[in-house]
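The structure appears right after this line, and notes come after that.
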Amino acid sequence: MTPQGRATWSPWRGVLAFGLVSLSADMVYEGMRSIAGPFLASLGASALTVGVVTGAGEGIALVLRLVAGPIADRTQRHWALTILGYAMTAVCVPLLAVAPALGSLGLGVAAALILLERTGKALRSPSKSVLLAAAAHAVGRGKGFGVHKALDQVGAFAGPLVVAGVVAVSGTIWPAFALLAIPGAVSLVLLAVLRTRLAVSSVEPAPAAPAPRVAPGGRPRLPGTFHAFATAVAVSTAGLMTFGIFGYHLVDAGLVSDAGVPVVYAGAMAAGAVSALAAGAAYDRWNHAVLLLLPALVAPVPALALAGSLGPVLAGIGLWGAATGIQDSTVKALVADLVAPAGRATAYGVFAAYQGVAALVGGTVAGALYRDHATLLATGIAVLQVAAYLPLVRALRAARLH
């Protein structure tokens, strides 16, 4: 509900406003993620350490939603959790600028700040997704999530370019983190304005279907179709690994400089924006079948992105960005369609937990196999993507009957 006397925004305006909040915040954390591999390496990290830290970060950002989602459903404090999560990102990333000055403690502090920032992502994401799903109900969830993700990716594109420019000019990485405090502050101001203008509770009518069944612990009981879909997407998430490994490889193989890594990341984010818009529009027009593209996009990523020459690497990272765009937009639209509003935050939390475990395993395995067993890594992930079609087809067939 909006405060008395405030004019409420239309659903489309609310979707766009959420997109602008994400645009600003993504400049911060995607700027950080674009250079995390080389930054950790500059503090003394090995490839395995980079894989573990970045994989654990993605795991935390996803698995902790298993807790944050039910809390949001139980307390209905979606706005408070959203604001807290964005504030953690706005603070933790700029603080990375102090890590190089801490000597032997720098690597530990940097790793802790990266994990804390990802914790903020976990806290806000289920609540933000619930608010966005409600706002997008009237305009089409595929288009709503797609447009939001496209704006999100504009920030993910701009942030790495800002980082690249600062690194190129200064010759070091830490000043870029300090500069990211500016878009972090902007995201919090925009979110505060949005909070006063968007009456989400009036956007989506109560569902005609009965409320979801409740498990003994008080949580909504999620359907088997949901779990099949979550399993399929988790397998794809493991195959995508983390960009930290790709960034490490780009520098380690002498393909680009430190300043060039964020530029490559920005290109991947641009690919993600295009794929999110296209997949979102296709989802609303042709429904769930568009998600059959996901494993096919993921399968060739490791073989290409960990190659020894720049062309295949860029192609692989482009596919990685396109798959990420679908995972963060259209995939969430189907979750909203599979689960009633009363259990939706819990569903997003459980879904993210599947992805988080997969991200941690994928990042760790990729870091361990990167140096001496890249062929085994690429082959194993391709086989897993073929296997992902079994639960995915089952889930989509059931969704069509839903």
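Residue indices begin at 1 and follow the sequence shown. What you are looking at is a predicted structure, and each value in this text was computed from that prediction instead of being measured.
Taking the side chain as every heavy atom from C-beta outward, Leu161 and Val263 approach each other to under 4.5 Å. Using a 4.5 Å heavy-atom threshold, the side chains of Val167 and Pro262 count as separate. Residues Leu292 and Val393 are in side-chain contact: their nearest non-hydrogen atoms beyond the backbone lie under 4.5 Å apart. Taking 4.5 Å as the limit, some side-chain heavy atom of Leu255 sits within range of a side-chain heavy atom of His249. Between Tyr348 and Asp73, the closest side-chain pair of non-hydrogen atoms is not below 4.5 Å. Inter-residue side-chain proximity for Val28 and Ser187 is flagged as unmet; no heavy-atom pair is nearer than 4.5 Å. A 4.5 Å side-chain heavy-atom check between Leu250 and Leu310 finds at least one atom pair inside the cut-off.
Ring planes of Trp320 and Tyr265: tilted class, angle from 30 to 60°. Note: His227 and Tyr354 have tilted aromatic rings, judged against thresholds of 30 and 60 degrees for the angle between ring planes.
A donor-acceptor pair is defined here as one N or O able to donate and one able to accept, closer than 3.5 Å; such a pair exists between the side chain of Ser42 and the backbone of Phe39. Judged by distance alone, with hydrogens and angles left aside, the side-chain atoms of Ser125 form no donor-acceptor pair with the main-chain N or O of Ala122 at under 3.5 Å. Judged purely by atom type and a 3.5 angstrom limit, Ser170 uses its side chain to pair as donor or acceptor with the backbone of Thr172. The main-chain N or O of Ile114 is never found under 3.5 Å from a side-chain atom of Arg118 such that the two would form a donor-acceptor pair. A donor-acceptor pair under 3.5 Å is absent between the side-chain atoms of Ser127 and the main chain of Arg124, judged by distance alone. Thr379 contributes no side-chain N or O that, together with a main-chain N or O of Leu376, makes up a donor-acceptor pair within less than 3.5 Å.
Considering every non-hydrogen atom in both Ala307 and Pro312, the closest pair reads CB-CB, 3.8 Å. Considering every non-hydrogen atom in both Leu40 and Val50, the closest pair reads CB-CG2, 4.1 Å. The shortest heavy-atom contact between Ala156 and Glu30 is CB-CG, 3.6 Å. Considering all non-hydrogen atoms of both residues, Val331 and Phe229 come closest at O-CE2, 3.7 Å. Heavy atoms only, all atoms of each residue included: Ala347 and Val339 are closest at CB-CG2, 3.7 Å. Across all their heavy atoms, Leu384 and Val235 have their closest contact at O-CG1, 3.3 Å.
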As a quick check of understanding, evaluate side chain to side chain contact (heavy atoms under 4.5 Å, CB included) for Ser22 and Tyr86, giving each step before the final call. CA-CA 9 Å; Ser22 290; Tyr86 276 116; 3.3 Å; yes
Self-check item: Full working for side chain to side chain contact (heavy atoms under 4.5 Å, CB included) between Leu314 and Val264
Solution: CA-CA 7 Å; Leu314 294 180; Val264 174; 3.8 Å; yes
Leu116 vs Leu95, test: side chain to side chain contact (heavy atoms under 4.5 Å, CB included). Steps then yes/no.
CA-CA 11 Å; Leu116 282 172; Leu95 283 178; over 6 Å; no
message: Is there a side chain to side chain contact (heavy atoms under 4.5 Å, CB included) between Phe18 and Leu151? Walk through the geometry before answering.
response: CA-CA 9 Å; Phe18 267 118; Leu151 288 170; over 6 Å; no
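Distance check: Ser236 OG to Ile381 CD1 gives 10.5 Å after rounding to the nearest 0.5 Å. For the atom pair CZ of Phe226 and OG1 of Thr231, the computed distance is 9.0 Å after rounding to the nearest 0.5 Å. Atom-to-atom distance recorded for Leu304:CG and Ile317:CD1 is 10.0 Å, nearest 0.5 angstrom. With rounding to the nearest 0.5 Å, the separation of OG1 in Thr75 from CG in Leu81 is 5.5 Å. Here the CG-CG distance, from Leu191 to Leu20, works out to 11.5 Å after rounding to the nearest 0.5 Å. Atom CG of Asp26 is separated from atom CE of Met32 by 11.0 Å, given to the nearest 0.5 angstrom.
For the pair Arg33 and Phe243, the NZ or CZ position fails the cation-pi test of under 6.0 Å to the six-membered ring centre and within 45 degrees of the ring normal.
Put simply, the residue from Leu306, Val261, Val313 that forms a side-chain contact (heavy atoms from CB on, under 4.5 Å) with Phe246 is Leu306.
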